[in-house]
Amino acid sequence: MSRPPSELSAAPSRALPDRPNLDHLRRQAKALRDAARAGEPDALARIARQVPIRAGMPVALSAAQLVIAREYGFASWPRLKAEVEARTMTLAQRVAAFLAASVEDRPQQAHRLLGSDPRIAGFDIRTAAVLGDADRIRELIGADPSAATTPDPERGWPPLLYVCHSRWRRIDPDRAAGLLEVARLLLDAGADPDTNNGRRVRAGRYRSALYGAAGIANNPDITALLLERGAN
């Protein structure tokens, strides 16, 4: 009797190259699917070791992709894909992906990206803000006081929005004190407690410091600090 997918192991039977190619992996999955549909015993056995299959039912591409992922030691195709993309990104691309994951509630991706490339942590004031690196923030503001309020070119967010929307308080609770200190440093350096991304409230995608801290990141410490500083 086949085991349910939740019980199947993702123990690797092959090693992912240092510079993997996603198109090559897609072709592997398609070839496995086609071989299984043609009834080749080896292909059917590979699939049966990883996912339950029904006799007489054609093997779906998604099932073949899951088999390929598990053979490389990943629990799912999206996780394999994310790892391939992380290994082939430039540092700037990794930083952009890390920031997006850190403020858009993709904690596993954020944690994985930081673990795979520690250079991300000290890349710029945005990464220091989302991670609660108060020492780095002091250094950057000391070198250029305008950095505390300057929006970035990608999102148009100043650093205060990054710390207020950061999910790292939940990812790593030990960062809570640092995140609060970063928010305090930015406010002391001139950041407006009512900082927002310039969108109208009813137009969608509106983001403000208070909205991020209270409604998105659920950070009561930073929420209280913003209210103390006069956030509306």
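Residues Val103 and Arg207 form no side-chain contact, since every pair of their non-hydrogen atoms from C-beta on lies 4.5 Å or further apart. With a 4.5 Å cut-off on side-chain heavy atoms, Arg184 and Leu225 count as touching. For the pair Gln50 and Leu66, the minimum side-chain heavy-atom distance is 4.5 Å or more. Side-chain atoms of Arg106 and Phe98, non-hydrogen and from C-beta on, never get closer than 4.5 Å to each other. Side chains of Tyr72 and Glu83 form no contact here, defined as non-hydrogen atoms less than 4.5 Å apart. Two residues are said to be in side-chain contact when any heavy atoms from C-beta on lie closer than 4.5 Å; Ile216 and Arg167 meet this criterion.
Between the side chain of Thr127 and the backbone N or O of Ala121, at least one donor-acceptor pair lies under 3.5 Å. Remark: side-chain polar atoms of Asn197 are paired, donor with acceptor, to backbone N or O of Arg205 under 3.5 angstrom. Without hydrogens or angle criteria, Arg175 side chain to Leu131 main chain gives a donor-acceptor distance under 3.5 Å. In this structure, the side chain of Arg19 does not engage the main chain of Pro17 through any donor-acceptor pair within 3.5 Å. Using a distance-only test at 3.5 Å, with no hydrogens or angles considered, a donor-acceptor pair links the side chain of Ser166 to the main chain of Val130. Not one N or O on the side chain of Asn219 forms a donor-acceptor pair closer than 3.5 Å with the backbone of Ala213.
A salt bridge links Glu154 to Arg126: at least one charged side-chain nitrogen sits closer than 4.0 Å to a carboxylate oxygen. Between Glu181 and Arg138 there is a salt bridge, with a side-chain nitrogen of the basic residue lying less than 4.0 Å from a carboxylate oxygen of the acidic one. In summary, Glu71 and Arg46 engage in a salt bridge, as defined by a charged side-chain N under 4.0 Å from a carboxylate O. Under 4.0 Å is where a charged nitrogen must lie from a carboxylate oxygen, and between Glu40 and Arg33 no such pair does. Between Asp194 and Arg229, none of the side-chain N atoms (NZ, or NE/NH1/NH2) sits under 4.0 Å from a carboxylate O, so this pair counts as no salt bridge. Salt-bridge formation is not detected for the pair Arg37/Asp34: no Lys NZ or Arg NE/NH1/NH2 atom is positioned less than 4.0 Å from an Asp or Glu carboxylate oxygen.
Once rounded to the nearest 0.5 Å, the distance linking CG of Asn21 with OG1 of Thr88 reads 8.5 Å. Here the CD-CD distance, from Glu104 to Gln109, works out to 9.0 Å after rounding to the nearest 0.5 Å. Put simply, CG on Leu16 and CD1 on Ile68 are 11.5 Å apart, with the number rounded to the nearest 0.5 Å. Interatomic distance, Thr223 OG1 to Leu180 CG, rounded to the nearest 0.5 Å: 10.5 Å. Interatomic distance, Ser116 OG to Arg94 CZ, rounded to the nearest 0.5 Å: 5.0 Å.
Between Tyr162 and Asp152, the side chains place a donor N or O and an acceptor N or O closer than 3.5 Å (distance only, hydrogens not considered). Between the side chains of Gln108 and Arg79, at least one donor N or O lies within less than 3.5 Å of an accepting N or O.
Cluster annotation: Leu32 is connected to Leu22 through the hydrophobic network of ILVMFWY side chains, with a link wherever side-chain heavy atoms come within less than 4.5 Å. Taking hydrophobic clusters as Ile, Leu, Val, Met, Phe, Trp and Tyr residues chained together by side-chain heavy-atom distances below 4.5 Å, Leu99 does not share a cluster with Tyr211. At a threshold of 4.5 Å between side-chain heavy atoms, the hydrophobic network of Ile, Leu, Val, Met, Phe, Trp and Tyr places Val182 and Leu210 in one connected group. Hydrophobic clustering (ILVMFWY, side-chain heavy atoms < 4.5 Å, transitive): Leu161 and Ile171 are in one cluster. Leu226 and Tyr206 fall into different hydrophobic clusters, defined by Ile, Leu, Val, Met, Phe, Trp and Tyr side-chain heavy atoms under 4.5 Å apart, directly or through other members.
Within a 6.0 Å sphere centred on CG of Asp23, other residues, nucleotides and ligands contribute more than 12 heavy atoms. The neighbour count for Asp42 CG, taken as heavy atoms of other residues, nucleotides or ligands under 6.0 Å away, does not exceed 12.
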Point to revise | Trace of the side-chain contact (heavy atoms from CB on, under 4.5 Å) decision for Val67 with Arg49 | key: CA-CA 8 Å; Val67 170; Arg49 282 194 293 269; over 6 Å; no
Point to revise | Chi angles and distances behind the side-chain contact (heavy atoms from CB on, under 4.5 Å) call for Ile137, Asp135 | key: CA-CA 5 Å; Ile137 293 290; Asp135 290 339; over 6 Å; no
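The two atoms that bring Ala231 and Pro193 nearest to each other are CB-O, 3.7 Å, heavy atoms only. When every heavy atom of Ala209 is checked against every heavy atom of Leu160, the shortest pair comes out as CB-CD2, 3.9 Å. Here the closest heavy-atom approach between residue Pro158 and residue Thr195 is recorded as CG-CG2, 3.3 Å. Closest non-hydrogen pair, Arg169 versus Asn218, comes out as NH1-O, 3.9 Å. Between Ala69 and Leu80, the shortest heavy-atom contact is CA-CD2, 3.7 Å. Pairing each heavy atom of Ala43 with each of Ala35, the nearest pair is CB-CB, 3.6 Å.
Trp168 and His111 have parallel rings, their planes meeting at less than 30° on a 0 to 90° scale where 60° marks the start of perpendicular.
In terms of the side chain to side chain contact (heavy atoms under 4.5 Å, CB included) criterion, residue partners of Leu91 (sequence neighbours excluded) are, by chain and number, Val95, Asp117, Arg119, Ile120, Phe123.
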